[in-house]
2 protein chains.
Amino acid sequence: MKGLTELLKGVLEGIVLQKIGQGETYGYEITQYLQNIGFEDIAEGTVYTVLLRLEKKGLLHVEKRKSELGPPRKFYRLNDFGKCELDKFWEKWFFLARKLNELKENDSK
Amino acid sequence: MKGLTELLKGVLEGIVLQKIGQGETYGYEITQYLQNIGFEDIAEGTVYTVLLRLEKKGLLHVEKRKSELGPPRKFYRLNDFGKCELDKFWEKWFFLARKLNELKENDSK
DNA sequence: ATACACTACTTAGTATTACTATATAGTTAA
DNA sequence: TTAACTATATAGTAATACTAAGTAGTGTAT
């Protein structure tokens, strides 16, 4: 899907948090994952900037370890603060989603 | 709801387009409307910058007319391009909403 | 051994957007 | 005439995703 950039602001961060929340992972894997679920236009660089930002904000536990195949990976997990921020993201998202559904449904009335 | 700023990127424009699509309106009224439906933290200035942007992009038919009570108003309607962009907004929104629901539902599995 | 593909991470610079703060001004009622 | 309400505009800021480019380890085919 093209032209999603502005709509992704804030959302991409939430998606990445959610993915990390489902189990230890790393940047390259997250990028592949996003491609697979339909976000074909999200580039690697974008994902890494999100990760570094989340790291700086202190939401992630980070561990650099060797990979069996390829260069070393930075493995991420959510810490307590990260889990809290993930919850907040979903709250905000569902607030917005509910509002937008209401707006759209007013059409048919 | 606080801290919605980043999530509103792109969305606010869509909401304003949708509101205008429901019938001729003007900035001040749109602002009041947003307050009423739960977006208490969206300031007047924000709405006007959106409107001027949409105007510049050529999505709106504009007509400045006197008001019965108060200063003159700029009345807006969607032109064909605006209607097209509104449709595109909803397409993008529902794409994203569907994806996010899928991500969230993976939790329970 | 060498070249290539794949894996994996980083970063500088850009564009877009919502927000803050402030300014301007017409209208109405006290 | 003062205050409250209506109505619009705009300069500057912060946050975020995107582009483009670079670095480097590992595995495979030639």
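Order of the sequence lines fixes the chain letters, A, B, ..., with proteins taken first and strands second; residue numbering starts at 1 for each chain. If you're wondering where the values come from, they're calculated on a predicted model, not measured in any experiment.
Out of dT16(C), dT17(C), dC19(C), the shortest distance to the side chain of E13(B) is found at dT17(C).
Base contact: T49(A) has a heavy atom under 4.0 Å from a base atom. No contact: E29(B) has no heavy atom under 4.0 Å from any strand. Using a 4.0 Å heavy-atom criterion, one finds that G10(A) contacts the sugar-phosphate atoms exclusively.
The distance from atom OH of Y26(A) to atom P of dT7(C) is 9 Å, rounded to the nearest whole Å. Atom CD in Q35(A) sits roughly 12 Å away from atom P in dT7(C) (whole-Å rounding). Per the geometry, NZ belonging to K92(B) stands 12 Å off C1' belonging to dT16(C), to the nearest Å. K56(A) has its NZ atom 10 Å from the P atom of dT10(C), to the nearest Å. The distance from atom OH of Y76(A) to atom P of dA8(C) is 13 Å, rounded to the nearest whole Å. If you take CG of L52(A) and P of dT11(C), they are 7 Å apart, rounded to a whole angstrom. Straight-line distance from the CG atom of L8(B) to the P atom of dC19(C): 6 Å, rounded to whole Å. Between the CZ atom of F89(B) and the C1' atom of dT17(C) there is a distance of 14 Å, given to the nearest Å.
Bounding nucleotides for the chain B contact on DNA chain D, 5' to 3', at a heavy-atom distance below 4.0 Å, are dT6(D) to dT16(D).
Between S67(B) and A43(A), the one whose closest nucleotide on DNA chain D sits nearer the 5' end is S67(B). Annotation: of the two residues near DNA chain D, P71(A) and L12(A), the 5′-most nearest-nucleotide partner is L12(A). Between K64(A) and E6(A), the residue whose closest nucleotide on DNA chain C is further toward the 5' end is K64(A).
Side-chain N/O atoms of N106(A) and Q18(B) include no donor and acceptor closer than 3.5 Å.
Taking 4.0 Å as the cut-off between side-chain N and carboxylate O, E85(B) and K57(B) do not count as a salt-bridged pair. For E91(B) and K88(B), the salt-bridge test fails: no basic side-chain N is under 4.0 Å from an acidic carboxylate O. With salt bridges taken as basic N to acidic carboxylate O contacts below 4.0 Å, none links E29(B) and R73(B).
For the pair K74(A) and dT10(C), the criterion of a side-chain N or O lying under 4.0 Å from OP1 or OP2 is met. Side-chain nitrogen and oxygen atoms of T5(B) include at least one within less than 4.0 Å of the OP1 or OP2 phosphate oxygen of dC19(C). The shortest distance between the side-chain N/O atoms of K57(B) and the OP1/OP2 oxygens of dT17(C) is below 4.0 Å. Taking side-chain N and O atoms only, Y48(A) has a distance below 4.0 Å to OP1 or OP2 of dC9(C). Dashed line: the shortest gap from a side-chain N or O of R53(B) to OP1 or OP2 of dT16(C) is not under 4.0 Å.
Side-chain atoms of K9(B) stay outside donor-acceptor range of the base of dT16(C), with no qualifying N/O pair under 3.5 Å.
The environment of R53(A) atom CZ is dense: over 12 non-hydrogen atoms of other residues, nucleotides or ligands sit within 6.0 angstrom.
Classification of the W93(B)-W93(A) ring pair by plane angle, with boundaries at 30° and 60°, yields parallel.
In this structure, L59(A) is not a member of the same hydrophobic cluster as L52(A), with clusters built from ILVMFWY side-chain heavy atoms closer than 4.5 Å.
The structure places CG of N36(A) at 11.0 Å from OG1 of T31(A), a figure rounded to the nearest 0.5 Å.
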